[in-house]
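Owing to the predicted nature of the structure, the values given are computational and were not obtained by experimental measurement. Along the sequence shown, residues carry numbers from 1.
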Amino acid sequence: MREWLAGLDPRERRLVLAGGLVLGLLLVYVLVVDPLLSAYGERASRVERQRADLVWMQQTAARIQQLQASGGARGAGLGDRSLLAVVDGSAREAGLGGALSRVRPDGALAVRVWFEGVPFDALVEWLGRLDREFQVQVKLITLERQSEPGRVHAQLTLETAG
């Protein structure tokens, strides 16, 4: 290779050496610098995503602590009222009294409730309120769709922890 290079004109030799230098620099860039820059960019974007996640987690943790300090979203239970009275009264307060066909005790900690043609959305909101305010959960639910949109016949078994 040295003999071939020595046999070239000085101008051609400079051109070949300059081309070799450019090719060498290009190889260093392609094989070393570019992968390093790409890895740095990926890690920087990953760090930014993790920082955003951290901010969200800190905000959520603060909200959870605030809810825990205020007693959370849960009520104090039934108080001195019976489950039957709470279910009947809250259903009437929620505007479901017209659809309420009967309420019957089902053991010491549960009641069975029947609704005829009750608006589904109102029923779900009422069940959410029972859970939040009185710690009454649905143990069993049977729904039957009606011909009128948004209305159902419902049979529920509701229970409280005690």
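- Taken to the nearest 0.5 Å, the CD atom of E116 stands 9.0 Å off from the CZ atom of R102.
- The side-chain heavy atoms of L17 and L5, taken from C-beta on, include a pair separated by under 4.5 Å.
- Distance check, rounded to the nearest 0.5 Å: CD of Q59 to CZ of R63 gives 12.0 Å.
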Walk me through it: do V136 and D131 pass the test side-chain contact (heavy atoms from CB on, under 4.5 Å)? CA-CA 5 Å; V136 173; D131 184 40; over 6 Å; no
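- To the nearest 0.5 Å, the span separating CZ on F134 from OG on S90 amounts to 5.5 Å.
- The only option from V111, V103, L123 that meets the side chain to side chain contact (heavy atoms under 4.5 Å, CB included) definition with L156 turns out to be L123.
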How far apart are the C-alpha atoms of F120 and L143, what are their side-chain angles, what is the distance that settles it, and do they pass the side-chain contact (heavy atoms from CB on, under 4.5 Å) test? CA-CA 9 Å; F120 179 76; L143 299 172; 3.7 Å; yes
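- Contact detail for F115 and S101: the closest heavy-atom pair is N-OG, 4.2 Å.
- Taken from CZ in R151 to CD in E144, the straight-line distance is 14.5 Å, to the nearest 0.5 Å.
- By the 4.5 Å heavy-atom criterion applied to side chains, L130 and V138 are not counted as neighbours.
- In the hydrophobic cluster analysis, where Ile, Leu, Val, Met, Phe, Trp and Tyr join through side-chain heavy atoms closer than 4.5 angstrom, L84 is grouped together with I141.
- Atom CZ of R145 has 12 or fewer heavy atoms from other residues, nucleotides or ligands within 6.0 Å.
- Between the CG atom of L158 and the CD atom of Q137 there is a distance of 9.5 Å, given to the nearest 0.5 Å.
- Between the side chain of R112 and the backbone N or O of R104 there is no donor-acceptor pair closer than 3.5 Å.
- Here the shortest heavy-atom pairing between R13 and A6 reads NH2-O, 3.5 Å.
- Between L96 and A122, the closest heavy-atom pair is CD2-CB, 3.6 Å.
- In this structure, CD on E12 lies 10.5 Å from CZ on R14, to the nearest 0.5 angstrom.
- No continuous path of hydrophobic side-chain contacts links W114 to V152 [ILVMFWY only; heavy atoms under 4.5 Å].
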Report the C-alpha separation of D88 and R92 in whole Å, then their side-chain angles, then the decisive distance to 0.1 Å, and conclude whether the salt bridge (charged side-chain N to carboxylate O under 4.0 Å, His left out) test is met. CA-CA 6 Å; D88 186 60; R92 295 186 192 289; 3.3 Å; yes
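- In the hydrophobic clustering of ILVMFWY residues, with side-chain heavy atoms under 4.5 Å counting as a link, V33 and L26 come out together.
- The closest side-chain heavy-atom distance from M57 to D53 is below 4.5 Å.
- Note on V113: it clusters hydrophobically with V124, by side-chain heavy-atom contacts below 4.5 Å among ILVMFWY residues.
- There is a path of hydrophobic side-chain contacts, each under 4.5 Å, that joins V30 to L37.
- You'll find the side chain of R129 reaches within 4.5 Å of the side chain of E93, heavy atoms only.
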